[in-house]
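Residue indices begin at 1 and follow the sequence shown.
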Amino acid sequence: MVRVIKENELNELLELYLHLHEKDIPENNEHLAKTWKAIIEDKNHHIIVKDVNGKIVSSCVCVIIPNLTRNVRPYAFVENVVTHKDYRGKGYATQCLEYAKKIAIKENCYKMMLLTGSKEESTLDFYKKAGYNNSDKTAFIQWID
């Protein structure tokens with residue numbers, strides 16, 4: 001089943017993120033609790049999960065960003081696309097991205113964007129197959145420490 005995450009599933013999500021790029025689960029402190037609360041209460045912030053037999057095995061984040069251009073239509077930004085290593089190749093991340101697209105359509109978004117740090121051809125092909133292209137725009141990133 002693909003669905004939006006439940007408030008009590010934070011720990012399971014953080015464990016899944018170890019298959020993304022995280023090395024550790026963040027310390028369970030007030031900052032984490034406040035951040036989680038802000039995400040859960042934000043109507044524009046959607047954490048989408050693939051649930052297999054009660055276990056979260058894949059996820060992505062879809063944030064709807066209000067916008068004053070394009071006839072005042074919002075756009076969607078997709079981030080943190082991840083599948084547990086034992087569940088890859090089964091189409092679960094694709095299902096999460098399709099769910100994100102349904103949200104974007106429902107919210108009248110004019111586009112969806114995502115960034116990947118991967119240079120792996122298989123990852124880039126995965127995003128292309130999901131309907132994204134890497135030729136329309138150029139992304140620039142400035143890391144802030």
Side-chain angles (χ1 to χ4, degrees), residues 1-118 120 123-124 126-134 136-145:
M1 162 195 295
V2 179
R3 59 178 173 76
V4 173
I5 198 162
K6 299 173 186 166
E7 187 171 357
N8 66 344
E9 295 176 316
L10 173 60
N11 290 335
E12 196 171 350
L13 180 67
L14 295 175
E15 287 177 18
L16 179 62
Y17 283 170
L18 294 174
H19 297 270
L20 183 61
H21 49 64
E22 297 299 302
K23 292 181 180 18
D24 300 302
I25 292 176
E27 181 183 342
N28 189 358
N29 58 24
E30 185 179 340
H31 178 63
L32 177 63
K34 285 174 120 175
T35 301
W36 182 240
K37 184 177 188 304
I39 289 169
I40 287 295
E41 292 178 354
D42 184 346
K43 70 178 182 66
N44 288 319
H45 199 135
H46 309 272
I47 299 177
I48 299 155
V49 297
K50 171 65 178 185
D51 177 322
V52 175
N53 299 322
K55 178 181 174 70
I56 295 174
V57 300
S58 189
S59 180
C60 73
V61 172
C62 178
V63 179
I64 307 300
I65 302 169
N67 181 42
L68 296 173
T69 66
R70 302 288 180 156
N71 204 23
V72 194
R73 291 177 66 195
Y75 56 94
F77 191 80
V78 175
E79 185 61 86
N80 296 339
V81 180
V82 60
T83 301
H84 187 289
K85 67 180 179 68
D86 295 340
Y87 293 84
R88 292 182 181 157
K90 299 179 187 305
Y92 296 154
T94 299
Q95 292 175 24
C96 290
L97 291 174
E98 288 169 354
Y99 194 100
K101 185 174 181 181
K102 288 178 185 173
I103 291 171
I105 291 168
K106 178 178 170 272
E107 296 297 327
N108 196 32
C109 292
Y110 77 94
K111 71 177 176 183
M112 295 180 73
M113 298 185 299
L114 68 78
L115 298 174
T116 181
S118 177
E120 295 289 326
T123 302
L124 303 179
F126 164 74
Y127 289 126
K128 289 175 187 173
K129 187 176 175 186
Y132 295 85
N133 75 70
N134 59 355
D136 287 351
K137 300 247 181 185
T138 302
F140 290 88
I141 298 174
Q142 182 178 76
W143 297 100
I144 302 171
D145 283 349

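Contact between L20 and V81 at its shortest, heavy atoms only, is CD1-O, 3.3 Å. For A93 against T83, the heavy-atom pair with the smallest separation is CB-OG1, 3.5 Å. Contact detail for V49 and C96: the closest heavy-atom pair is C-SG, 4.0 Å. Closest approach of D51 to N53, counting heavy atoms only: OD1-N, 3.7 Å. Of all non-hydrogen atoms in P74 and P66, the two that sit nearest each other are CB-CA, 4.1 Å. Scanning all heavy atoms of the two residues, the minimum distance from S58 to L16 falls at C-CD2, 3.8 Å.
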| task | Quick one: do K50 and K90 satisfy side chain to side chain contact (heavy atoms under 4.5 Å, CB included)? Show the steps, please. | result | CA-CA 11 Å; K50 171 65 178 185; K90 299 179 187 305; over 6 Å; no
| query | Checking side chain to side chain contact (heavy atoms under 4.5 Å, CB included) for the pair I39/V61: CA distance, chi angles, key distance, verdict? | reply | CA-CA 10 Å; I39 289 169; V61 172; over 6 Å; no
| task | Check step by step if side chain to side chain contact (heavy atoms under 4.5 Å, CB included) holds for K55 and E12. | result | CA-CA 8 Å; K55 178 181 174 70; E12 196 171 350; 3.8 Å; yes
| task | Starting from the C-alpha separation in whole Å, work towards a yes-or-no answer on side chain to side chain contact (heavy atoms under 4.5 Å, CB included) for I25 and Y17. | result | CA-CA 8 Å; I25 292 176; Y17 283 170; over 6 Å; no
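The backbone N or O of R73 sits nowhere less than 3.5 Å from a side-chain atom of N71 that would complete a donor-acceptor pair. In terms of modelled atom types and a separation under 3.5 Å, the side chain of E9 and the main chain of K6 share a donor-acceptor contact. The backbone N or O of I65 lies less than 3.5 Å from no partner atom in the side chain of N44, so there is not a single donor-acceptor pair.
Between N108 atom CG and N67 atom CG the span is 11.0 Å, to the nearest 0.5 Å. Going from atom CG of L115 over to atom NZ of K137 covers 12.0 Å, rounded to the nearest 0.5 Å. The distance from the CD atom of E107 to the NE2 atom of H46 is 5.5 Å, given to the nearest 0.5 Å. Taking CG of N28 as the reference point, atom CG of L10 lies at 7.5 Å (rounded to 0.5 Å). One distance of note links CD1 of I64 with SG of C109; it measures 4.0 Å at 0.5 Å rounding. A distance of 5.5 Å separates CG of L13 from CD1 of I47, quoted to the nearest 0.5 Å.
Side-chain contact between M112 and V78 is present, with at least one heavy-atom pair separated by less than 4.5 Å. Proximity of F126 to L97: side-chain heavy atoms (C-beta onward) are separated by under 4.5 Å at one or more points. Side-chain atoms of N134 and K128, non-hydrogen and from C-beta on, do get closer than 4.5 Å to each other.
Ring-plane geometry between Y127 and Y132 is classed as perpendicular, the angle between the planes exceeding 60 degrees on a 0 to 90 degree scale with a lower cut at 30. The aromatic rings of Y87 and Y92 sit tilted relative to each other, their planes meeting at an angle between 30° and 60°.
Counting heavy-atom neighbours within 6.0 Å of R70 CZ, excluding the residue itself, gives a total of 12 or less. By the 6.0 Å contact criterion, NZ on K102 is open, its count of non-hydrogen atoms from other residues, nucleotides or ligands being 12 or less.
Among residues two or more places apart in sequence or in another chain, the ring pair (Phe, Tyr, Trp, His ring centres under 6.0 Å) test is passed with F77 by none.
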